[in-house]
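Written below as structure tokens is the structure these notes are about.
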Amino acid sequence: MSKNYANAYLIAAFGLAILPAIILLIVVLLTQTYLPMISDAKLLSDPFLQLPSKNSVRVVWFTEFAGTFHAVEYGENLEKEAIASTRQLSHTREDQKSRVGEQTKEGTIYQKPTPRQIWRHEAEVRGLIPGQRVPYRVTSVREDGAEVSSDIFTLAPLPPAGKPLKILLTSDHQLMPMTAANLQKVVETVGQVDAVFFAGDLVNIPDRASEWFDDNRGRAFFPCLQGRAKSELEKNGIKTTYTGGQIIQNAPLFTALGNHEVMGRFSTEISLNEQFEDTFPRSVAEQIYAQNAKQWNPSGDPAKKEALIKANSFNTDTYEEIFTLPQSREGGKKYYAVTFGDVRLIVLYITNMWRSPSLDPDTKGRYREREQDFNNPNAWGYGQIIYEPIAKGSTQYNWLKKELNSPEFKKARYKIVMFHHPAHTLGENIVPAYTEPIQIIERDANGTIKAIRYEYPKNADYIIRDVVPLLEKAGVQLVLFGHSHLWNRFVSASGMHFLETSNVGNSYNAAVGNKKRIVPTGYGYKEKYVELGNPNGLEPVMPTISPLLDENGNPMPYIASNDITAFTILDTGLGTVSSYYFDTRKPDSKVVKFDEFKLERKST
């Protein structure tokens with residue numbers, strides 16, 4: 001071997017010897033360079049399912065980056081791909097009352113309402129076969145190339161008629177203390193449900209982003225319904241952490257508007273809580289606009305006019321931007337109807353502004369204005385204003401009449417109507433009547449305002465007077481609602497069931513025994529509001545299997561508790577509506593089925 005060949009051999013041998021070390025060094029350098037970028041990329045929510053059709057379903061998820069690419073991979077081997085469209089939410093903010101990030105007891109990291117940039121991604125997965133579930137996952141790519149994917153879940157299109165389904169009936173989650181425990185027990189008890197019917201009040205403040213995604217108490221809306229919550233309950237000295245349930249990754253969600261999906265007049269300064277509480281009658285906002293139109297909108301732009309009126313009254317923008325729901329021509333996402341398996345579900349927009357029943361002079365309440373505001377109409381609350389008309393002759397009422405006579409409704413095995421405000425309940429929030437408040441201004445001889453109060457004629461309750469008779473005549477079997485944070489149910493003479501199943505904490509109790517509702521007396525009030533029981537005539541139904549007992553050992557027709565949570569499952573195969581409770585004071589205890597009834601087919 002020549003000297004040159006020998007040198008070349010030694011160099012080659014040396015290179016081969018140190019090659020593993022070179023590769024290791026490269027891997028370390030690349031890891032140090034790119035690992036932080038990769039680990040920092042994350043989805044703000046898991047994917048969830050929306051708007052299934054006969055052969056498709058929508059998949060929706062959220063990130064805090066716009067990204068360059070977002071898609072759903074699906075199929076048995078995730079071999080297919082559906083590209084997502086992306087848009088930024090327009091109203092999501094955080095503020096001085098947000099519970100997000102490294103917040104301390106001293107306060108939040110936000111000093112005033114601050115926009116929070118959140119992007120929504122949606123892909124339609126097509127070519128599906130009814131009755132068959134398909135694996136899927138979502139992937140988002142950030143601007144710097146970081147890629148993040150979800151776990152693998154399953155999806156399906158609309159279920160065919162005749163397929164047995166289990167549907168979760170719920171409402172009023174609002175980040176309440178028992179929400180995560182409630183949803184965790186749903187999955188542990190019945191397994192994967194096929195859909196969720198949600199009767200409103202999803203969060204507390206709809207424009208506060210953290211309430212949807214990452215409130216640091218661990219019980220935001222999406223984490224609870226996706227099994228990613230970290231909600232700690234301490235009962236009797238025992239701390240238990242609940243994660244919620246993986247539900248909406250695999251089952252479509254159908255929602256109704258509650259009062260907590262409505263934001264009031266827009267501001268860049270006052271807290272989101274104050275903005276939420278400042279809903280203002282649209283009719284008054286239109287009058288104010290008319291007085292200022294030349295200054296505010298000199299060109300007369302119709303879009304600007306609508307935006308200004310909305311900004312000075314109320315809106316449901318964040319709710320409507322987050323969800324892809326069935327739509328009606330008249331009501332859009334606000335009220336709609338959909339067939340899901342053997343169920344025809346009608347969703348109505350029946351909710352009003354919740355105001356305090358207090359008669360304190362400093363309270364902007366349901367029955368009176370604050371004395372300090374008497375001479376400032378712009379600060380009035382105008383009582384419990386109704387957001388969408390439902391009285392006989394209104395657009396929504398006429399749409400409902402038409403839907404109740406549609407072929408899709410008439411041929412459905414199960415006919416269900418869902419809205420937020422109760423028709424029958426033992427709860428606090430059914431008083432006063434669901435009707436437009438009548439403003440009464442009292443003045444002295446000099447014209448000085450002495451009182452501004454609101455009355456709600458009981459004989460003008462739109463739900464009882466106008467809506468319920470339509471539902472009875474059409475053969476509706478079940479009316480689902482919420483709002484009072486308890487469980488109770490009722491049955492009309494014709495056999496139509498009314499169910500409120502929203503017990504996850506912050507219960508207002510039931511108006512039974514010595515637990516009377518706060519109602520006005522004296523001060524010129526003509527209406528005599530009902531302090532006890534259900535104001536609308538029906539007696540509550542005693543649970544059929546295992547009712548809870550009161551302190552005297554007597555069975556109770558309701559659950560209104562901050563310790564015992566309840567949920568309800570509709571089984572379309574059996575035709576049963578079954579309710580369960582779980583005692584969070586006993587974390588190792590079993591879930592108890594305490595009530596069950598059947599939905600009978602009714603002739604119309």
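The model shown is predicted, which means the values in this text are computed figures rather than measured ones.
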### Message
Pairing donors with acceptors under 3.5 angstrom, does anything connect the side chains of Gln439 and Tyr454?
### Response
yes
### Query
Can you check side chain to side chain contact (heavy atoms under 4.5 Å, CB included) on Arg453 and Glu369, steps first, answer last?
CA-CA 6 Å; Arg453 68 175 190 271; Glu369 297 290 359; over 6 Å; no
#### Entry: Side-chain donor or acceptor of Asn552 paired with backbone N/O of Asn554 under 3.5 Å
no
### Task
For the residue pair Phe567 and Tyr580, categorise the inter-ring angle as parallel (less than 30°), tilted (30 to 60°) or perpendicular (more than 60°).
parallel
## Note on the structure
Residues Met178 and Ser561: closest non-hydrogen pair is CE-O, 3.4 Å
### Message
Quiz question: by atom type and distance under 3.5 Å, do the side chains of Ser579 and Thr568 form a donor-acceptor pair?
### Response
yes
### Task
Could you check Phe254, Phe198, Phe222 and say which one makes a ring-ring contact (aromatic ring centres under 6.0 Å, His included) with Phe48?
Phe222
#### Entry: Any side-chain donor near an acceptor of the partner, Thr425 and Glu500, under 3.5 Å
yes
### Query
Taking all atoms of both residues into account, what is the closest heavy-atom pair of Trp212 and Pro206, and its distance?
NE1-O, 2.8 Å
### Query
For Thr544, does its backbone N or O pair with a side-chain atom of Glu596 as donor and acceptor, under 3.5 Å?
no
### Task
Please round to the nearest 0.5 Å and tell me the distance separating atom OG1 of Thr316 and atom CD1 of Ile322.
11.5 Å
### Query
Between the side chains of Gln275 and Arg208, is a donor N or O closer than 3.5 angstrom to an acceptor N or O?
no
### Query
For the atom pair CG (Asn506) and CG (Asn503), what is the distance rounded to the nearest 0.5 Å?
10.5 Å
### Message
If we ignore hydrogens and angles and just use 3.5 Å, is the side chain of Trp380 paired with the main-chain N or O of Asp373 as donor and acceptor?
### Response
yes
### Query
Judged by modelled atom types alone, do Asn312 and Arg282 share a side-chain donor-acceptor pair under 3.5 Å?
no
### pair Ser98-Ser210: side-chain heavy atoms closer than 4.5 Å
yes
### Query
Can a donor-acceptor pair be found between the side chains of His424 and Asn534 at a distance below 3.5 Å?
yes
### Task
Taking Lys364 for its side chain and Ser356 for its backbone only, find out whether a donor-acceptor pair lies under 3.5 Å.
no
#### Entry: Arg116, Lys112, Arg99 screened by salt bridge (charged side-chain N to carboxylate O under 4.0 Å, His left out) with Glu94, the one that passes
Arg116
### Query
Looking only at side chains, do Glu428 and His485 share a donor and an acceptor under 3.5 Å apart?
no
### Task
Would you check, one step at a time, whether the test side chain to side chain contact (heavy atoms under 4.5 Å, CB included) holds for Asp278 with Phe314?
CA-CA 8 Å; Asp278 193 29; Phe314 58 86; over 6 Å; no
### Message
Check whether Asp444 reaches the backbone of Gly447 with its side chain - one donor and one acceptor, N or O, closer than 3.5 Å.
### Response
yes
### Message
Salt bridge or not between Glu320 and Lys334? Use side-chain N to carboxylate O under 4.0 Å.
### Response
yes
### Query
Roughly how far, to the nearest 0.5 Å, is the CZ atom of Arg219 from the CG atom of Asp215?
7.0 Å
### Donor-acceptor contact below 3.5 Å, side chain Lys304 vs main chain Trp296
yes
#### Entry: Heavy-atom side-chain contact between Tyr382 and Pro377 under 4.5 Å
yes
### Task
May I ask you to test the Val468-Met496 pair for a side-chain heavy-atom distance under 4.5 Å?
yes
### Query
Distance from Leu168 atom CG to Asn182 atom CG, nearest 0.5 Å?
7.5 Å
### pair Asn378-Arg265: side-chain heavy atoms closer than 4.5 Å
yes
### Message
Looking only at side-chain N and O atoms, does Ser271 offer a donor or acceptor that is under 3.5 Å from a partner on Glu274?
### Response
yes
### Between Tyr456 and Asp461, a side-chain donor and acceptor under 3.5 Å
no
### Task
Report the C-alpha separation of Tyr581 and Ile559 in whole Å, then their side-chain angles, then the decisive distance to 0.1 Å, and conclude whether the side chain to side chain contact (heavy atoms under 4.5 Å, CB included) test is met.
CA-CA 9 Å; Tyr581 73 71; Ile559 296 179; 4.0 Å; yes
#### Entry: Side-chain heavy-atom pair Thr501, Leu480 within 4.5 angstrom cut-off
yes
### Query
So how far is it from Asp362 CG to Arg368 CZ, rounded to the nearest 0.5 Å?
8.5 Å
### Task
Kindly compute the distance separating CZ (Phe481) from CZ (Phe498), expressed to the nearest 0.5 Å.
7.0 Å
### Worked check of ring-ring contact (aromatic ring centres under 6.0 Å, His included) between Tyr349 and Tyr335
CA-CA 6 Å; Tyr349 185 13; Tyr335 52 90; 7.6 Å; no
### Query
Which heavy-atom pair separates Pro422 from Ser484 by the least distance, and what is that distance?
CG-OG, 4.5 Å
### Message
Just to verify, which of Thr268, Leu272, Ile205, Thr114 counts as forming a side-chain contact (heavy atoms from CB on, under 4.5 Å) with Arg93?
### Response
Leu272
### Task
Kindly determine whether Leu478 and Val417 satisfy side chain to side chain contact (heavy atoms under 4.5 Å, CB included), including the steps that lead there.
CA-CA 6 Å; Leu478 175 63; Val417 173; over 6 Å; no
### Message
The test is side-chain hydrogen bond (donor to acceptor under 3.5 Å, both in side chains); show your working for Thr92 and Arg120 and say whether it passes.
### Response
CA-CA 12 Å; Thr92 44; Arg120 180 186 191 271; over 6 Å; no
### Task
Please report the closest heavy-atom contact between Pro457 and Ile438, naming both atoms and the distance.
CG-CD1, 3.5 Å
### Query
Under the 3.5 angstrom rule, does the side chain of Gln50 hit a backbone N or O of Leu253 as a donor-acceptor pair?
yes
### Task
Measure the acute angle between the ring planes of Tyr462 and Tyr434, then classify it against the limits of 30° and 60° as parallel, tilted or perpendicular.
perpendicular
### Task
Check whether any side-chain N or O of Asn405 sits under 3.5 Å from a backbone N or O of Lys401 as a donor-acceptor pair, and report yes or no.
yes
## Note on the structure
Which of Asn259, Thr351, Thr255 passes side-chain hydrogen bond (donor to acceptor under 3.5 Å, both in side chains) with His420? Answer is Asn259
### Query
Would you say the side chain of Leu325 lies within less than 4.5 Å of the side chain of Tyr319, judging by non-hydrogen atoms?
yes
### Task
Ignoring hydrogens and angles, tell me if any N or O in the side chain of Thr179 forms a donor-acceptor pair with the backbone of His173 under 3.5 Å.
yes
### Message
Testing the 3.5 Å rule here: is there a donor-acceptor pair between the side chains of Gln384 and Arg366?
### Response
yes
### Message
Could you check whether any side-chain heavy atom of Lys528 comes within less than 4.5 Å of a side-chain heavy atom of Thr521, counting everything from C-beta outward?
### Response
no
### Message
If you define the side chain from C-beta out and look only at heavy atoms, does anything of Lys458 sit under 4.5 Å from Glu527?
### Response
yes
### Message
Run the ring-ring contact (aromatic ring centres under 6.0 Å, His included) test on Phe594 and Trp487 for me, step by step, so that the C-alpha distance in whole Å, both residues' side-chain angles and the decisive distance to 0.1 Å come before the verdict.
### Response
CA-CA 11 Å; Phe594 69 93; Trp487 181 98; 4.8 Å; yes
### Query
Side chain of Glu455, backbone of Lys526: donor and acceptor closer than 3.5 Å?
yes
